[in-house]
Every structure is written in structure tokens, then in C-alpha cells.
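Below is one structure; the comments refer to it alone.
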Amino acid sequence: EKLKEVRVLYERGLYDQCRSMLHKTKKQAERYDKLLQLLQVVIWEEKLLNKLGYEDVSEKNIDALRDDMRTIINKIDVELESSMLAAKIYSFHKKYFSTRNTQEAEKIKKIIGHPLMQNEEKAISHLSKINYYDVHALYCRLKGEYEKNYLYRKKIIELIQRHPIKTAKEQEEYAFSLLNLAIGQSYAKKYNEVPPTLSKIMSIPFKTKSLKSEITKKAYATELSMY
């Protein structure tokens, strides 16, 4: 919404207000690590500077803007790569559980051996950290290291709760992460922690009935699996 306001202000020639709106939008995007939005802001900043003929802008400021853009693009690239690794390990683990195929097991080991999965410091954004924990949590579960799986699941929830959960997509991701935590708690024999986690799921004000129905069924199934 704020970027729409930026466009309106720019097209009306209200450049000071446009600059001010970009500054506010950038601060919010940086706070919540919204990389795509942040990239759009930087592109708009450069467009505004170009429109004003780079008036009263130093070479240092121009270089800083380009550096910002490179940093954001690098973070987005890491997010995309780590998201792909997370998607692959989920796909491979389903095949492995159904077939016990050693080839699938080797594919899983290859994902864990990927450079981005070797060190948490390489997870340089909110989403890439979640992907890092997600991949390692699933790998630990496959190895029977249930305490480690539980700890990784807890870290994911802690990360998600630092950011506002507003959209249906964010609600879905949070709910499934809580479900995975509940499963992790059960595997780690922390049975007393499961009901509060399931209660958190049920308290989410889901934006769609279909999503609420799907999550509710999975939550009940998780609860029944404890008995």
C-alpha cells in the first residue's frame, strides 16, 4: 500500500513527500526483513534521484544506494536457494519414508552438505534462517535426533513471532510451523508442551474457513497421535 502511495506522489510531482514516504517504507521493510519490498524502495529511490537530476547528491550517497541494492539482491538470492533446499528435503523425505530408498537418503545428505546449510551465519535474512532451521529440523527427525529436531522447531517459532502475522499466507506458515513444533514436542516426549502449542494454533484468527478446517483437522490428528 505504501509503495502505491509512493507512485501517486511521484506522478503528481510531490517529490519531497515521495522521498519522505520512501524513507518510512524503507524503515518498516528493514525492520521486518521484507526484501522484495526493500528492493522496490531502493529502485524508487534511484528513480527519484534520477528525476531530480541527482541534485545535492554526493558520489558517496550514490555508491551507498548501489551497495544497498547489491546487498538486497544477494539476500534474495540466498533466500531463493535455501527455499529450494527446504522444498527438496521435504520431497525427498516423503519418498524415503514410503520406499526406504537409499538414493533418496543420499539426496537428503547432499542437501545438508550444501554450503548454505553448513553454517547458520550464512542464513543472512529472516526467511533464510527459517529455511536453515527447517532443513536441519527435518534431517534430525530422520536421524532420530528428536531433541535437536525439537530445538530447531522452537527456533522457527521464535523467529516467526518477531514479525507481525497479518496475511493468510503468514497465518498458514505460522500454523504449520506450530504443528511441526507440536509433532517435535511429541517425538521428544515433551507431552505437557503439546496442548499449549495446539491451543495457540486454534486461537489463530484464520482469514479463510478452508484453511481453518485444514489446520484444525491436522491439530486434532496430532493430539490423537499422543495417545
Does [X] use its side chain to pair, donor to acceptor, with the backbone of [Y] at less than 3.5 Å?
X: D33; Y: H126; answer: yes
X: S91; Y: A87; answer: no
X: K129; Y: A123; answer: yes
X: S20; Y: D16; answer: no
X: S177; Y: E173; answer: yes

To the nearest 0.5 Å, tell me how far [X] [atom1] sits from [Y] [atom2].
X: I156; Y: I160; atom1: CD1; atom2: CD1; value: 6.5 Å
X: T216; Y: M202; atom1: OG1; atom2: CE; value: 3.5 Å
X: T197; Y: I157; atom1: OG1; atom2: CD1; value: 8.0 Å

Between [X] and [Y], is there a shared hydrophobic cluster once you connect ILVMFWY residues whose side-chain heavy atoms come closer than 4.5 Å?
X: L179; Y: L142; result: yes
X: V41; Y: L65; result: no
X: L39; Y: W44; result: no
X: M84; Y: L127; result: no
X: Y174; Y: L211; result: yes

Exercise. So E145 and Y139, side-chain hydrogen bond (donor to acceptor under 3.5 Å, both in side chains) or not? Walk me through it.
Worked result: CA-CA 9 Å; E145 296 178 354; Y139 184 61; over 6 Å; no

Problem set entry | Distance under 6.0 Å and angle within 45° of ring axis: K51 vs Y15 | no

For this session: Apply the side-chain hydrogen bond (donor to acceptor under 3.5 Å, both in side chains) test between Y133 and each candidate in R153, E158, E120; give the one that qualifies.
Result: E120

Problem set entry | Basic-acidic side-chain contact under 4.0 Å: K190, E147 |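 Between E147 and K190 there is a salt bridge, with a charged N closer than 4.0 Å to a carboxylate O.
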
For this session: May I ask you to say whether E30 pairs ionically with K75, meaning some side-chain N is under 4.0 Å from a carboxylate O?
Result: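 Looking at K75 together with E30, the answer is no, because their closest N to O distance does not fall below 4.0 Å.
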
Non-hydrogen side-chain atoms of [X] and [Y] separated by less than 4.5 Å:
X: Q37; Y: L3; result: yes
X: K200; Y: Q161; result: yes
X: C18; Y: R12; result: no
X: M69; Y: I43; result: yes
X: C140; Y: Y146; result: no

Seminar exercise, completed: Correct closest heavy-atom pair for A182 and V194 would be O-CG2, 3.7 Å

For this session: Report the C-alpha separation of H114 and E81 in whole Å, then their side-chain angles, then the decisive distance to 0.1 Å, and conclude whether the side-chain hydrogen bond (donor to acceptor under 3.5 Å, both in side chains) test is met.
Result: CA-CA 10 Å; H114 190 283; E81 185 71 14; 3.1 Å; yes

For this session: Quick one: list whatever passes side chain to side chain contact (heavy atoms under 4.5 Å, CB included) with P164, sequence neighbours left out.
Result: Y32, K166

Exercise. By side chain to side chain contact (heavy atoms under 4.5 Å, CB included), which residues pair with S213, not counting sequence neighbours?
Worked result: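 Listed in chain order: K217.
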
For this session: Decide yes or no on side-chain contact (heavy atoms from CB on, under 4.5 Å) for I112 and H136, but give the supporting numbers first.
Result: CA-CA 7 Å; I112 288 295; H136 280 273; 4.2 Å; yes

Exercise. Could you walk me through whether R70 and D67 pass the side-chain contact (heavy atoms from CB on, under 4.5 Å) check?
Worked result: CA-CA 5 Å; R70 291 189 188 97; D67 287 342; 3.1 Å; yes

Problem set entry | CA sep, side-chain torsions, deciding dist, call: K209, K212, side-chain contact (heavy atoms from CB on, under 4.5 Å) | CA-CA 5 Å; K209 288 183 179 180; K212 182 178 181 179; 5.5 Å; no

For this session: For Y90, look at atom OH and say whether over 12 heavy atoms of other residues, nucleotides or ligands are found less than 6.0 Å away.
Result: yes

